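Written out below as structure tokens is the structure these notes cover.
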Amino acid sequence: MYPQYFLTIICALWFSNATTASHAQTYRFDFGSSKAAEGFQAVMSSMTYNSDRGFGFEPGAIPNDVVRGKGSNLTKDFVTSTGVFCFSIKLPEGNYKVTLTLGDPQGTSCTTVKSEVRRLMMESLQTDKGETQTVSFGVNVRTPQLSKGNAIKLNSRELDYVTGIVKTYTWDDKLTLQFYGSAPAVCALEIEPASEDVVTVFIIGDSTVTDQASGGTWGQYLPRWFDSQVVVANHAESGMTIKGFRFGRRWDKIMESAHPGDYLLIQLGTNDEKKRGHDPMWDAADHAGDWVRTHSDPQKDYVWGLATMALEAKRHGMIPIIISPMTKIDRRTATATEVMTPYGTNARRGAELGECAYVDLWGMSRDIIAALGRDALSVYADGTHTDNYGAYLFSLGIVQAIRDLGLALSKHIIPDTPNFDAKHPKPALKDFTCPIEPSNSIRKAAYSGTNGQTQFGPL
């Protein structure tokens, strides 16, 4: 039988018709110190972000203005840096199309772009000497507010409880882009509202999926593999469980934001197995963070919890995909452990009851570990969480599963996405070349007190 609280949820199901704030304006920025192109806002490297201006560079590495004197007003100058530099613009909540013009009129360039908290959007785009390229991708901007004047329950990693200031790019009132590489060259930036037919891929998960300030997760790397008609909205957060995701109103936020035809990727279980202790993401006095309150038995409420999420999503017109939690690793032996086996194997039952697509990441991660041998230690940052290499491999595995399932989403996978076989994972560690930015520079920018001036009431 269904647990009573899930029956209550199903019986009380309702759908919000709320829309996000109007964001019809298009923004155009021309980087560099020479005259801006017509219709573009000039942005010099000295323009740091402040709330009144509504755009500018974040604290951290300050880019340099480079003027070549060749080409159009838009491409004859650019900004660059030997470190990671971040540019922010205040935007209403919603989905946006970002278009970048990259290149050096007198030299080569190589630029990697991430958004918000290190979501990989574009990897090592290279231009030849004198060449510029224009590339586009979709991004999601959101705040904690809900349509009825309420807000999601942010944890201490996300919110300064004393000042009420959001301290992560994930939930502030702006879009932040991070640029770095061997020779980044950013000439121009255009931001416009996403078209109505754009597909949003929502992600539900925990610390193994969320946007991490260092290391990486497959949720952070997933945007890399889709065209600008897909926006990945990663709502995963550290410490989350099936019950905790609902209690914190994070489920409500997705249901208010989603539209028919959007996708919902659900990967939970890493924390659902915990029975005692306190989630360190929450203040010690907040007993909502006690694991005993959010534990789910792998054969009972865990299965029903996944199924209920899938059923509710389908009633909302969404396309749910349940993903089993990845395995943990024994770092002494570089082999998979059995800690997550009850949840890894029972996630499939949740998908069957919810009559939705299923991705066996638990099995996939075990195959990857077995295939890599000692190199599997570079897949994980610790016994539970992936590092950048693992995030890259797992994201490719998720994309391959989307292909194999024959989902309509697969038509938006970009052409350079390789096929992936978990038993023969590529790239090999020695061939992994995705640039990794210095984690301390991103951490400083993402969590400095100067980032994000929007204040919210008690949550």
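None of the values given here were measured: they were computed from a predicted structure. Start at 1 with the first residue, then count along the sequence. The figures that follow rest on heavy atoms only: side chains count, while hydrogens, waters and symmetry mates do not.
Rounding to the nearest 0.5 Å places OG1 of T417 at 13.0 Å from NE2 of H412. The structure places NZ of K328 at 7.0 Å from OG1 of T337, a figure rounded to the nearest 0.5 Å. Atoms OG1 and CZ, on T335 and R366 in that order, are 9.0 Å from each other to the nearest 0.5 Å. Note that NZ of K114 and CZ of R119 are 12.0 Å apart. Values are rounded to the nearest 0.5 Å. Interatomic distance, K174 NZ to L91 CG, rounded to the nearest 0.5 Å: 11.0 Å. Note that the CG atom of L306 and the OH atom of Y343 stand 10.5 Å from one another [nearest 0.5 Å].
Without hydrogens or angle criteria, K426 side chain to D431 main chain gives no donor-acceptor distance under 3.5 Å. Using modelled atom types, no side-chain atom of H385 and backbone atom of T208 make a donor-acceptor pair closer than 3.5 Å. Distance alone, capped at 3.5 Å, places no donor-acceptor pair between the R250 side chain and the I152 backbone. A donor-acceptor pair under 3.5 Å is formed between the side chain of S156 and the backbone N or O of M281. Between the N64 side chain and the S45 main chain, no donor and acceptor come within less than 3.5 Å of each other. With hydrogens and angles disregarded, no donor-acceptor distance shorter than 3.5 Å links the side chain of R118 to the backbone of D211. Looking only at distances, a side-chain donor or acceptor of S395 sits under 3.5 Å from a matching main-chain atom of A391. Not a single donor-acceptor pair under 3.5 Å links the side chain of T80 to the backbone N or O of A185. Remark: side-chain polar atoms of Y302 are paired, donor with acceptor, to backbone N or O of L268 under 3.5 angstrom. Formation of a donor-acceptor pair under 3.5 Å by the Q267 side chain with backbone atoms of I204 is not found in this model.
Here the side chains of E237 and D206 are not in contact, with every heavy-atom distance at 4.5 Å or above. Side-chain contact between M240 and T210 is absent, with no heavy atoms from C-beta onward closer than 4.5 Å. Here the side chains of V359 and M364 are in contact, with some heavy-atom distance below 4.5 Å. Looking only at side-chain heavy atoms (C-beta outward), P342 and Q299 stay at 4.5 Å or farther from each other. Counting heavy atoms from C-beta outward, D387 and V379 have side chains that stay 4.5 Å or more apart. Contact annotation: the side chain of W171 approaches that of R142 to within less than 4.5 Å [non-hydrogen atoms, C-beta and beyond]. Taking 4.5 Å as the limit, some side-chain heavy atom of K243 sits within range of a side-chain heavy atom of D301. Side-chain atoms of L372 and L393, non-hydrogen and from C-beta on, do get closer than 4.5 Å to each other.
Checked against a 6.0 Å centroid threshold, the rings of F55 and Y27 do not count as neighbours. Checked against the 6.0 Å centroid threshold, F179 and F87 do not count as a close aromatic pair.
Note: Y392 and F432 have perpendicular aromatic rings, judged against thresholds of 30 and 60 degrees for the angle between ring planes.
Within 6.0 Å of NZ in K97 there are 12 or fewer heavy atoms belonging to other residues, nucleotides or ligands. Atom CD of E355 is surrounded by 12 or fewer heavy atoms from other residues, nucleotides or ligands within 6.0 Å. Heavy-atom neighbours of F40 CZ from other residues, nucleotides or ligands within 6.0 Å: above the threshold of 12.
Evaluation of the salt bridge (Lys or Arg N to Asp or Glu O under 4.0 Å) test over residues 122-134, restricted to residues two or more places apart or in two chains, returns E123-R224. Listed by first and then second residue, the ring-ring contact (aromatic ring centres under 6.0 Å, His included) pairs involving residues 197-220 are F202-H235 (not counting sequence neighbours).
Nearest approach of P63 to S81, heavy atoms of both residues: CA-CB, 4.0 Å. The heavy-atom pair separating G103 from F78 by the smallest distance is O-CD2, 3.8 Å. Across every non-hydrogen atom of G83 and Y180, the tightest pair is O-CB, 4.1 Å. The heavy-atom pair separating L74 from C187 by the smallest distance is O-CB, 3.5 Å. Of all heavy-atom pairs between Y389 and P427, the closest is OH-O, 2.8 Å. Residues A310 and I322 come closest through the heavy atom pair CB-CD1, 4.3 Å.
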Given the rule in the salt bridge (Lys or Arg N to Asp or Glu O under 4.0 Å) test, do R68 and D104 qualify, once you have shown the distances and angles that lead to the verdict?
CA-CA 8 Å; R68 295 304 195 196; D104 181 347; 2.8 Å; yes
Please determine whether side-chain hydrogen bond (donor to acceptor under 3.5 Å, both in side chains) holds for the pair E158 and T170, giving the CA-CA distance in whole Å, both sets of side-chain angles, and the decisive distance to 0.1 Å.
CA-CA 8 Å; E158 302 167 309; T170 301; over 6 Å; no
For side chain to side chain contact (heavy atoms under 4.5 Å, CB included), just list the numbers for L222 and V399, CA-CA rounded to whole Å, side-chain angles, deciding distance to a tenth of an Å, and then say yes or no.
CA-CA 8 Å; L222 194 64; V399 171; 3.7 Å; yes
Using the side chain to side chain contact (heavy atoms under 4.5 Å, CB included) rule, take D279 and T294 through it: C-alpha gap first, then chi angles, then the decisive distance, then the call.
CA-CA 10 Å; D279 181 353; T294 59; over 6 Å; no
Given side chain to side chain contact (heavy atoms under 4.5 Å, CB included), test F226 with V199 step by step and report yes or no.
CA-CA 11 Å; F226 289 98; V199 177; over 6 Å; no
So V113 and Q178, side chain to side chain contact (heavy atoms under 4.5 Å, CB included) or not? Walk me through it.
CA-CA 6 Å; V113 183; Q178 298 130 24; over 6 Å; no
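When only modelled atom types and interatomic distance are considered, D382 and T384 share no side-chain donor-acceptor pair under 3.5 Å. Between S136 and T99, the side chains place a donor N or O and an acceptor N or O closer than 3.5 Å (distance only, hydrogens not considered). Counting only N and O atoms by type, the side chains of S88 and E58 include a donor and acceptor under 3.5 Å apart. Side-chain contact check for S324 and D360: at least one donor-acceptor pair (N or O, by modelled atom type) lies under 3.5 Å. No donor-acceptor contact under 3.5 angstrom links the side chains of T200 and H259, judged on distance only. For the residue pair D197 and Q229, a side-chain donor N or O sits within less than 3.5 Å of a side-chain acceptor on the partner.
A salt bridge links E190 with R28; the closest basic N to acidic carboxylate O contact falls under 4.0 Å. Ion pairing between D330 and R332 holds under the 4.0 Å rule for side-chain N and carboxylate O.
Paired with F137 under the rule side-chain contact (heavy atoms from CB on, under 4.5 Å), one option of V230, D227, L100 passes, and it is L100.
Residues passing the side chain to side chain donor-acceptor pair (under 3.5 Å) test with S115, sequence neighbours excluded: none.
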